[in-house]
Colleague: 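One structure is given below, represented as structure tokens, and several questions about it will come after.
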There are 2 protein chains.
Amino acid sequence: MESGSRRVGRPRRLSREAILRSAERILTEEGAEHLSMRRLAKDMSSTPMALYHHVKDKDELLLLLLELRTGRLPPAELPREPRERLLAGARSLHEMLATCPWAVDALTPDGRVSAPARRIVETMIDAAVDCGLNPDRARHAYGVIWNYTLGELLVRFNRERARRQGDSTPWERAMRSLDPVAFPLLAGLGGQLTEIAGAGHYQRGLEAVVDGLLRQGVA
Amino acid sequence: MESGSRRVGRPRRLSREAILRSAERILTEEGAEHLSMRRLAKDMSSTPMALYHHVKDKDELLLLLLELRTGRLPPAELPREPRERLLAGARSLHEMLATCPWAVDALTPDGRVSAPARRIVETMIDAAVDCGLNPDRARHAYGVIWNYTLGELLVRFNRERARRQGDSTPWERAMRSLDPVAFPLLAGLGGQLTEIAGAGHYQRGLEAVVDGLLRQGVA
DNA sequence: ACCTGAACACCGTTCAAGT
DNA sequence: ACCTGAACACCGTTCAAGT
């Protein structure tokens with residue numbers, strides 16, 4: 001809403017919205033490693049310090065960007081059956097965050113970074129209760145699912161990053177130097193990493209995790 | 001072993017070992033955020049570039065530090081019963097990495113960063129096979145356990161970091177602004193976070209994850 | 001062979017001043 | 001009220017030179 005009093009002082013050239021738009025563009029077009037206050041200012045033909053008039057600091061900027069992205073997704077349609085609802089909740093949390101590799105630090109606590117995320121988390125715990133867990137166990141179950149989800153995202157993000165910057169990360173090196181005689185089973189993992197990281201992988205693991213939690217809770 | 005030929009050129013003042021010792025000290029006494037090539041050089045009364053004669057770059061330095069730490073732990077005694085062996089393997093991986101919050105990036109791929117870690121991973125997959133999973137499923141199971149473990153570590157690390165630097169992270173703020181009427185179950189999580197992150201939490205979740213995976217695999 | 005010094009190309013943020 | 005410019009206190013790394 002417009003303020004009743006007339007504006008005073010210098011007219012604004014920047015705005016929080018414009019800043020977020022520019023930041024979002026750098027993020028998608030050039031990747032998080034190129035998003036800096038200085039770079040962003042240059043992009044907007046302004047100075048670094050002008051930005052600090054619209055956001056508290058870089059942390060706040062990233063948080064706002066995260067809320068912007070996760071808030072844009074349409075609210076998930078959740079099935080009625082409680083186990084399915086729990087699975088669907090986890091999947092949409094996973095999906096929602098899969099586009100924000102740069103926000104891992106903000107994500108870590110528990111996935112409650114934006115209003116839509118909060119809704120999903122609440123729904124998941126609720127679904128767990130409907131599956132027969134008491135509230136404490138339901139919250140614990142959510143925590144385990146969150147840990148699994150975050151771990152999966154992290155592995156995925158880092159692999160993508162490695163791919164982008166030409167392949168030879170510590171992990172790739174360790175993989176190549178692995179003796180397949182001493183480590184026959186582990187060596188198999190190496191060749192499979194791509195497939196393992198594929199679309200169905202998270203889902204299949206998630207079902208195991210959820211079923212394990214539900215059995216533990218109702219036993 | 002000593003080289004047969006006499007040393008030529010300038011005598012060395014630095015050595016990889018001395019560098020690692022200094023870095024290790026900074027890491028434990030001041031935290032990872034204070035470990036920089038410049039700081040490290042200053043600590044050793046040398047120059048940043050002297051370090052590059054002994055390690056390729058900062059990434060390699062961190063990797064060496066990780067191997068140093070994880071390699072120091074005594075090899076875990078693993079129980080004979082396969083399910084227990086799988087659990088014990090995961091626990092010792094978890095324990096081993098719990099002291100290296102600064103190495104998350106190197107960890108991400110799959111926990112095979114050091115020789116002892118490789119042994120444990122191989123043992124875990126082997127244990128999963130002994131539980132009745134085929135090698136593919138066993139590897140997948142390991143992947144899920146790793147994701148869960150890594151996620152748990154990450155949440156733990158970030159919470160500790162938040163504690164250290166005075167409490168008010170994005171997550172804490174989001175927690176305070178949470179409406180307990182709209183989110184009764186989620187709000188409960190807030191109050192419980194410390195307990196949930198306690199010692200038994202990882203273990204309890206791990207059992208659920210493992211049992212879920214085993215059931216999925218042998219069904 | 002091992003080390004130094006200066007330089008390059010960056011960071012986030014503070015502070016005092018301008019309009 | 002909003003923005004600028006200069007400065008502070010850092011980064012990792014390259015490159016040419018010294019002993």
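All chains are named by letter (A, B, ...) in the order of the sequence lines, taking the proteins before the strands, and each is independently numbered beginning at 1.
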Colleague: Output the single nucleotide from C/dT4, C/dT13, C/dC11 whose closest atom is nearest the side chain of B/A50.
Modeller: C/dT4
Colleague: Taking OP1 and OP2 of D/dT13, is either one under 4.0 Å from a side-chain nitrogen or oxygen of B/R38?
Modeller: no
Colleague: In this structure, how many angstroms lie between the C1' atom of D/dG12 and the NZ atom of B/K56, rounded?
Modeller: 12 Å
Colleague: Of the nucleotides C/dT13, D/dT13, C/dC3, which one has an atom closest to the side chain of B/H53?
Modeller: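 Nearest listed nucleotide: C/dC3.
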Colleague: With a 4.0 Å limit, can you tell me whether B/S36 has a side-chain N or O closer than that to the phosphate oxygens OP1/OP2 of D/dC10?
Modeller: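 Looking at the OP1 and OP2 atoms of D/dC10, neither is under 4.0 Å from any side-chain N or O of B/S36.
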Colleague: Between B/E33 (CD) and C/dG12 (P), how many Å, whole number?
Modeller: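 These atoms are roughly 17 Å apart.
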Colleague: Does B/H34 make a side-chain N or O approach to OP1 or OP2 of D/dC10 shorter than 4.0 Å?
Modeller: no
Colleague: Check whether any side-chain N or O of B/Y148 sits under 3.5 Å from a backbone N or O of B/Y202 as a donor-acceptor pair, and report yes or no.
Modeller: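 Between the backbone of B/Y202 and the side chain of B/Y148 there is a qualifying donor-acceptor contact (under 3.5 Å).
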Colleague: Specify the residue among A/M49 and A/R39 whose closest nucleotide of DNA chain C lies further upstream toward the 5′ end.
Modeller: A/R39
Colleague: Taking it one step at a time, do B/R156 and B/E152 satisfy salt bridge (charged side-chain N to carboxylate O under 4.0 Å, His left out)?
Modeller: CA-CA 6 Å; B/R156 179 186 296 248; B/E152 203 275 343; 2.8 Å; yes
Colleague: Which dot-bracket notation, 5' to 3', represents the base pairing of DNA chain C when pairs are defined as Watson-Crick or G-U with both distances under 3.5 Å, crossing pairs as [ ], and inter-strand pairs as |?
Modeller: ||.|||||...|||||.||
Colleague: Using the side-chain contact (heavy atoms from CB on, under 4.5 Å) rule, take A/H53 and A/L14 through it: C-alpha gap first, then chi angles, then the decisive distance, then the call.
Modeller: CA-CA 9 Å; A/H53 238 264; A/L14 268 43; over 6 Å; no
Colleague: Are any of the side-chain nitrogens in A/R16 or A/E60 under 4.0 Å away from the carboxylate oxygens of its partner?
Modeller: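 Salt bridge flag = yes for A/E60 with A/R16.
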Colleague: Side-chain N or O of B/S46 versus OP1/OP2 of C/dC3: is the shortest distance under 4.0 Å?
Modeller: no
Colleague: In whole angstroms, how far is the P atom of C/dC3 from the CE atom of B/M44?
Modeller: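 Distance, rounded to whole Å: 10 Å.
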Colleague: Taking only the side-chain nitrogens and oxygens of A/T47, find out if one of them lies under 4.0 Å from OP1 or OP2 of D/dG5.
Modeller: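 Result: no.
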Colleague: From CE of B/M37 over to P of C/dA9, roughly how many Å is that when rounded to an integer?
Modeller: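 Going from CE in B/M37 over to P in C/dA9 covers 21 Å.
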Colleague: Would you call A/R21-A/E17 a salt bridge at under 4.0 Å N-O?
Modeller: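 No, no charged N to carboxylate O under 4.0 Å.
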Colleague: In whole angstrom, give me the gap between the C1' atoms of D/dC3 and C/dC15.
Modeller: 14 Å
Colleague: B/Y52 has an atom OH; how far is it from atom P of C/dT4, in whole Å?
Modeller: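 One finds 15 Å between P of C/dT4 and OH of B/Y52, rounded.
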Colleague: Whole Å only: how far is the CG atom of B/L14 from the C1' atom of C/dC3?
Modeller: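 Result: 9 Å.
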Colleague: Nearest whole angstrom, please: distance from the P of C/dG18 to the CZ of A/R13.
Modeller: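 In whole Å, C/dG18 P lies 19 Å from A/R13 CZ.
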Colleague: Roughly, in whole Å, what's the span from NZ in A/K42 to P in C/dG12?
Modeller: 12 Å
Colleague: What verdict does the side-chain contact (heavy atoms from CB on, under 4.5 Å) test give for B/R25 and B/L35, after you've listed the backbone C-alpha separation in whole Å, the side-chain angles of each residue and the deciding distance to 0.1 Å?
Modeller: CA-CA 10 Å; B/R25 205 194 47 69; B/L35 179 60; over 6 Å; no
Colleague: How are the rings of B/H201 and A/H140 set relative to one another: parallel (under 30°), tilted (30 to 60°) or perpendicular (over 60°)?
Modeller: perpendicular
